[in-house]
Trainee: 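Attaching a single structure in structure tokens format; questions to follow.
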Amino acid sequence: MPYLHATYEAVRLNDGTRAWLKTAYREYYFHGTDKIEVPNDPEAREFGYIPFGGGMIRHLSFKTKGEALAEILKQSPSSVYCSNARYEYPARPIDEKGWLGAELIFDIDATDLPTTCKRGHDLWYCEKCHASGKLPRPEKCTKCGGPVAEFHGKCETCLDAAKDHAMRVIGFLTSDFGVERNLIRLYFSGNRGYHLHVFDKKFDPLDQAARGEIAEYVRGSGLPLNQTLASSLRRRPPTGPEGAGWTRRITGYVGERRQDYPGTLQKLVSEAITSQRAMVDSSVTTDIHRVFRLSGTLHGDTGMLKKRIESAQGFDPQEDPVVLSDRPVRVKVEFYPRFRMKHRDFGPFLKPETVELPSYAAVSILTRGLGEVEIVNG
Ligand SMILES: [Zn+2]
Ligand SMILES: [Zn+2]
């Protein structure tokens, strides 16, 4: 659940599990609130949070940064959100808030990228008998007819691909839109992707349609057909002007490879586009009333930190955002596919069993409602 969806349904958690999760998050926040990036104008932002096992609470407003941080520590919720928009009256209903502008944002999720590693870690499973299989998921469990759910894993390969797409967005912004690099902040989302936040004021007043055009541009989705592009490249004099934007990107890519390329020009053009486009989630960029996970807070599904990245090269998404303790906890796991954290494999747990896990690894199983903390009496 990367963001707030209309269909958000709270996972049912028993009291012991809910209390354990809240304590684990609070233990982090107790020392970690200095890493939370509350905007400099908190009074103009809408805040929201999701308590463990509960539904979304939004339209909150705080006068100061300290007030916001105190509430986050007090609630130690599953997720904390803040609007990228500024409002006159952030606590009022959407149509009475008085929208004043919003920073431009991008979201890249590994789930949306066509990497082959997915066959190894994405699957469907039956909520009833825990049979599982490769995606696409069947309508009902092939074994018992029960309801099925999807599990999307992650690995170094798809997280690297997501990072690569995030860097492509930075490339588009700096070279095609003239944004200064220091006005773009890159974040790890806390789960399977990256967020970009653009603090260049020229984007702030843009409406949904204009933001949609920017998203489509970086996705390369408004381009002419490959066939058309190929035939205009054929007509292009070899020393012709490079052009700008996508034209420059495509002619540059094709120019470097055309000589020895074994396939058709049309195929090379298609390669030029797929290797340079950034598959951002357009619906995130165009939503000007969104509340967005606050940087420096823990992800509600994974317990990993939404983390600001200073150096993309040195950032390790398997290691750096894992901030919860490694204190062991006994978990009665119902079912859970294999997953990786801190470059270590956990599971798969294919039948009910009680296992001891480091706290940071237990969170994903517990938040999904596929395991419970074993309460030891005395
Ligand atoms: Zn089944
Ligand atoms: Zn992967």
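Both counts, for ligands and for their atoms, begin at 1 and track the order of listing. The model shown is predicted, which means the values in this text are computed figures rather than measured ones. The first residue of the sequence shown is numbered 1, and numbering continues consecutively from there. What you see below is based on every heavy atom in this structure, not just the backbone, and it leaves out hydrogens, waters and symmetry mates.
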Trainee: To the nearest 10°, how many degrees is the angle Cys141 SG to the Zn ion (ligand 1) to Cys144 SG?
Mentor: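 So the angle at the metal works out to 110°.
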
Trainee: What does the angle at the Zn ion (ligand 2) come to, between atom SG of Cys155 and atom SG of Cys117, rounded to 10°?
Mentor: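 Value returned, to the nearest 10°, is 100°.
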
Trainee: What angle, to the nearest 10°, do the atoms SG (Cys129) and SG (Cys126) form about the Zn ion (ligand 1)?
Mentor: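 Vertex the Zn ion (ligand 1), arms to SG of Cys129 and SG of Cys126: 110°.
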
Trainee: Taking the six-membered ring for Trp, are Tyr336 and Phe339 parallel (under 30°), tilted (30 to 60°) or perpendicular (over 60°)?
Mentor: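 Correct class here is perpendicular.
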
Trainee: We want to know whether Tyr87 and His289 form a side-chain donor-acceptor pair, criterion being a heavy-atom distance below 3.5 angstrom.
Mentor: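 Yes - a donor-acceptor pair under 3.5 Å links their side chains.
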
Trainee: Can you tell me how the ring of Phe292 sits relative to the ring of His195, calling it parallel under 30°, perpendicular over 60° and tilted otherwise?
Mentor: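 Judged by the thresholds at 30° and 60°, the geometry between Phe292 and His195 is tilted.
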
Trainee: Does a donor on one side chain sit under 3.5 Å from an acceptor on the other, for Glu271 and Tyr253?
Mentor: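 Judged by distance alone, the side chains do pair up.
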
Trainee: At the Zn ion (ligand 2), what is the angle formed between atom SG of Cys158 and atom NE2 of His121, rounded to the nearest 10°?
Mentor: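 Rounding to the nearest 10 degrees gives 110°.
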
